[in-house]
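Here's the structure we're looking at; comments come further down.
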Amino acid sequence: MASCNILCSVKPQIDSFKKSCFSQSWSNRPHGSSYFNKNFQFRRNSFVIVKASDSRTSKKQVEITYNPEEKFNKLADEVDREAGLSRLTLFSPCKINVFLRITSKRDDGYHDLASLFHVISLGDKIKFSLSPSKSKDRLSTNAAGVPLDERNLIIKALNLYRKKTGTDNYFWIHLDKKVPTGAGLGGGSSNAATTLWAANQFSGCVATEKELQEWSGEIGSDIPFFFSHGAAYCTGRGEVVQDIPSPIPFDIPMVLIKPQQACSTAEVYKRFQLDLSSKVDPLSLLEKISTSGISQDVCVNDLEPPAFEVLPSLKRLKQRVIAAGRGQYDAVFMSGSGSTIVGVGSPDPPQFVYDDEEYKDVFLSEASFITRPANEWYVEPVSGSTIGDQPEFSTSFDMS
């Protein structure tokens with residue numbers, strides 16, 4: 001009588017989004033001090049071994065080894081080659097303003113600025129999938145309070161891309177949010193730039209990077225910066241971007257400290273007084289950073305005084321970080337219009353942030369400076385991480 005034995009094995013491994021079949025995020029936040037995302041992705045790396053033999057005749061045993069995953073992956077690759085790109089996951093990093101000078105007020109009500117923008121390693125992840133719909137994008141996120149309709153810059157970017165190119169691709173998008181909102185880190189602007197890049201990949205790159213950069217200024221002043229290579233001297237409203245070689249070593253660490261309270265950009269600019277701002281030449285700041293590195297005297301932010309009026313506790317936080325750091329930070333400053341305080345020179349926050357009840361809900365993250373190669377998008381460094389635990393996980397979907 002013939003006998004048959006089947007052996008199956010399933011081995012979990014971290015793999016790419018394309019080949020993963022399960023992804024979940026969760027956490028406990030007893031302290032509630034910051035966001036920390038633990039992603040567990042499992043790949044079914046299965047194999048089947050079939051053994052057959054005839055016990056009556058003792059005829060030769062036949063053994064067949066079959067790896068279905070390898071077969072499925074080959075089929076998936078063939079489908080992708082035939083059908084074109086259907087899924088894409090991209091890193092969407094944020095930025096800091098190493099210095100920010102406000103140089104004049106414009107006739108249109110905006111202010112002219114001069115700033116050294118630099119991309120850093122903290123960022124979101126955005127997963128794009130082509131939708132069968134030809135009328136609506138659907139956005140989901142892990143972050144409560146993020147709009148999922150046309151108010152979101154991701155949706156605005158997709159609408160803009162279709163308008164400019166005449167393409168008709170619609171998408172399912174999931175935003176895995178790690179960058180806090182209202183932080184002065186440009187998280188939403190980065191999401192928009194990343195979305196324009198993704199939409200262009202799905203359409204066979206019908207637009208140039210320069211065109212994407214120019215179009216992006218129509219929906220946000222900070223968005224064009226992210227089409228630089230990661231370091232840029234920005235003027236105008238921020239949309240005039242001069243790509244420069246990074247003047248800062250990539251191995252310099254930093255810590256980001258953001259209180260729960262956000263600063264309203266409109267309110268900060270409303271309180272800004274040009275005649276009381278710094279008079280230092282922004283190009284001299286850029287030159288000094290390029291030759292001597294980051295120091296407290298070059299990290300000028302003209303929006304700090306009005307932001308500290310809007311949120312007095314932010315001024316106190318900066319002062320305490322400087323005092324408690326005892327020289328461990330090369331510079332401590334606010335990014336953008338707030339409310340993130342950046343300490344460059346060490347990845348470690350001062351101890352009082354952990355000890356004081358006042359700071360139990362602050363966002364903490366270590367980060368480093370990053371750039372991107374030509375013709376490629378930003379890649380998340382392996383070492384980049386947030387500090388502490390993530391707040392309660394929530395998922396939202398726009399199913400309308």
Side-chain angles (χ1 to χ4, degrees), residues 33-34 94-118 145 179-189 220-222 225 234-238 254-282 285 294-325 329-344 349-350 352-353 356-365:
S33 63
S34 63
C94 63
K95 58 81 182 171
I96 63 170
N97 301 87
V98 181
F99 66 78
L100 175 57
R101 286 286 339 280
I102 307 298
T103 56
S104 64
K105 187 169 183 178
R106 300 153 53 113
D107 293 337
D108 59 8
Y110 289 97
H111 290 79
D112 279 321
L113 59 83
S115 178
L116 172 57
F117 283 56
H118 209 301
V179 178
T181 57
L185 299 174
S189 296
S221 299
D222 289 351
F225 158 69
C234 298
T235 53
R237 291 181 292 111
M254 72 185 77
V255 64
L256 309 176
I257 308 172
K258 184 208 172 289
Q260 271 199 326
Q261 303 94 325
C263 282
S264 163
T265 300
E267 185 63 28
V268 169
Y269 272 101
K270 182 180 177 181
R271 299 194 184 208
F272 172 73
Q273 299 181 57
L274 184 62
D275 57 335
L276 298 180
S277 65
S278 169
K279 300 300 184 288
V280 63
D281 180 1
L285 295 176
I294 289 181
S295 59
Q296 190 66 50
D297 63 317
V298 297
C299 294
V300 175
N301 186 341
D302 286 342
L303 294 181
E304 281 191 6
F308 293 164
E309 285 185 26
V310 174
L311 198 60
S313 60
L314 194 59
K315 179 178 182 179
R316 186 168 64 253
L317 174 60
K318 178 187 174 183
Q319 291 172 336
R320 292 194 65 180
V321 172
I322 293 173
Y329 304 114
D330 300 321
V332 177
F333 54 92
M334 185 183 79
S335 179
S337 58
S339 58
T340 299
I341 298 296
V342 182
V344 174
F352 76 82
V353 174
D356 288 12
E357 185 71 13
E358 179 182 358
Y359 300 108
K360 67 176 183 177
D361 293 319
V362 299
F363 170 91
L364 297 174
S365 178

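A heavy-atom distance below 4.5 Å is found between the side chains of Tyr329 and Val321. Between Ser295 and Asp330 there is no side-chain heavy-atom pair separated by less than 4.5 Å. In this structure, the side chains of Tyr359 and Pro259 stay at 4.5 Å or more apart for every pair of heavy atoms.
Asp107 pairs by the salt bridge (Lys or Arg N to Asp or Glu O under 4.0 Å) definition with nothing, not counting sequence neighbours. Among residues two or more places apart in sequence or in another chain, the side-chain hydrogen bond (donor to acceptor under 3.5 Å, both in side chains) test is passed with Glu267 by Arg271. Applying the ring-ring contact (aromatic ring centres under 6.0 Å, His included) test to Phe117 and every residue at least two apart in sequence or in another chain returns Phe225. Checked against salt bridge (Lys or Arg N to Asp or Glu O under 4.0 Å), Asp108 has the following partners two or more places apart in sequence or in another chain: Arg106. By the salt bridge (Lys or Arg N to Asp or Glu O under 4.0 Å) test, Arg320 is found to be paired with Asp356, residues two or more places apart in sequence or in another chain being considered. Every residue two or more places apart in sequence or in another chain that forms a side-chain hydrogen bond (donor to acceptor under 3.5 Å, both in side chains) with Thr265 is listed here: Ser337. Among residues two or more places apart in sequence or in another chain, the side-chain hydrogen bond (donor to acceptor under 3.5 Å, both in side chains) test is passed with Ser277 by none. In terms of the side chain to side chain contact (heavy atoms under 4.5 Å, CB included) criterion, residue partners of Ala324 (sequence neighbours excluded) are, by chain and number, Pro350, Phe352. The side-chain hydrogen bond (donor to acceptor under 3.5 Å, both in side chains) search around Asp281 returns none, not counting sequence neighbours. Residues passing the ring-ring contact (aromatic ring centres under 6.0 Å, His included) test with Phe272, sequence neighbours excluded: His111.
Here the side chain of Ser339 pairs a donor or acceptor atom with the backbone of Gln261 at under 3.5 angstrom. Gln296 places a side-chain N or O within 3.5 Å of a backbone atom of Val332 that can act as its donor or acceptor partner.
Among residue pairs with one or both ends in residues 301-320, none qualify as ring-ring contact (aromatic ring centres under 6.0 Å, His included); sequence neighbours excluded. Every pair passing side chain to side chain donor-acceptor pair (under 3.5 Å) that includes a residue from residues 298-307 is listed here, sequence neighbours excluded: Arg101-Asp302, Glu304-Lys318.
The OG atom of Ser115 lies 8.5 Å from the CG atom of Asp222; values are rounded to the nearest 0.5 Å. In this structure, OG on Ser264 lies 11.5 Å from CG on Leu311, to the nearest 0.5 angstrom. One distance of note links CG of Leu100 with CE of Met334; it measures 7.5 Å at 0.5 Å rounding. Atom CG of residue Leu256 and atom CG of residue Leu185 lie 6.0 Å apart, to the nearest 0.5 angstrom. For the atom pair CD (Gln260) and OG (Ser313), the distance works out to 11.0 Å, reported to the nearest 0.5 Å.
Taking every heavy atom of both residues into account, Thr340 and Ala183 meet most closely at OG1-O, 2.8 Å. When all heavy atoms are compared, the tightest approach of Val298 to Phe99 is O-CB, 3.4 Å. Considering every non-hydrogen atom in both Ile96 and Ser335, the closest pair reads CA-OG, 3.3 Å. Across Val268 and Leu303, no two heavy atoms sit closer than the pair CG1-O, 3.9 Å. Contact between Phe333 and Asn97 at its shortest, heavy atoms only, is CE1-O, 3.4 Å. Taking both residues in full, the closest heavy atoms of His118 and Val98 are given as CB-CG2, 4.4 Å, listed atom of the first, atom of the second, then distance.
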- So Lys315 and Leu317, side chain to side chain contact (heavy atoms under 4.5 Å, CB included) or not? Walk me through it. CA-CA 5 Å; Lys315 179 178 182 179; Leu317 174 60; over 6 Å; no

- Query: Taking it one step at a time, do Ile102 and Asp112 satisfy side chain to side chain contact (heavy atoms under 4.5 Å, CB included)?
  - Reply: CA-CA 6 Å; Ile102 307 298; Asp112 279 321; over 6 Å; no

- Message: Assess the residue pair Leu364 and Ile257 against the criterion (side chain to side chain contact (heavy atoms under 4.5 Å, CB included)); give the C-alpha distance rounded to whole Å, side-chain angles, the decisive distance to 0.1 Å, and a yes or no.
- Response: CA-CA 5 Å; Leu364 297 174; Ile257 308 172; 3.8 Å; yes

- Criterion side chain to side chain contact (heavy atoms under 4.5 Å, CB included) on Cys299 and Ile294, from CA distance to verdict: CA-CA 7 Å; Cys299 294; Ile294 289 181; 3.6 Å; yes

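A salt bridge between Glu358 and Arg316 is present, with a side-chain N of the basic residue lying under 4.0 Å from a carboxylate O of the acidic one.
For Lys279, the NZ atom is densely surrounded, since the number of other residues' heavy atoms within 6.0 Å is greater than 12.
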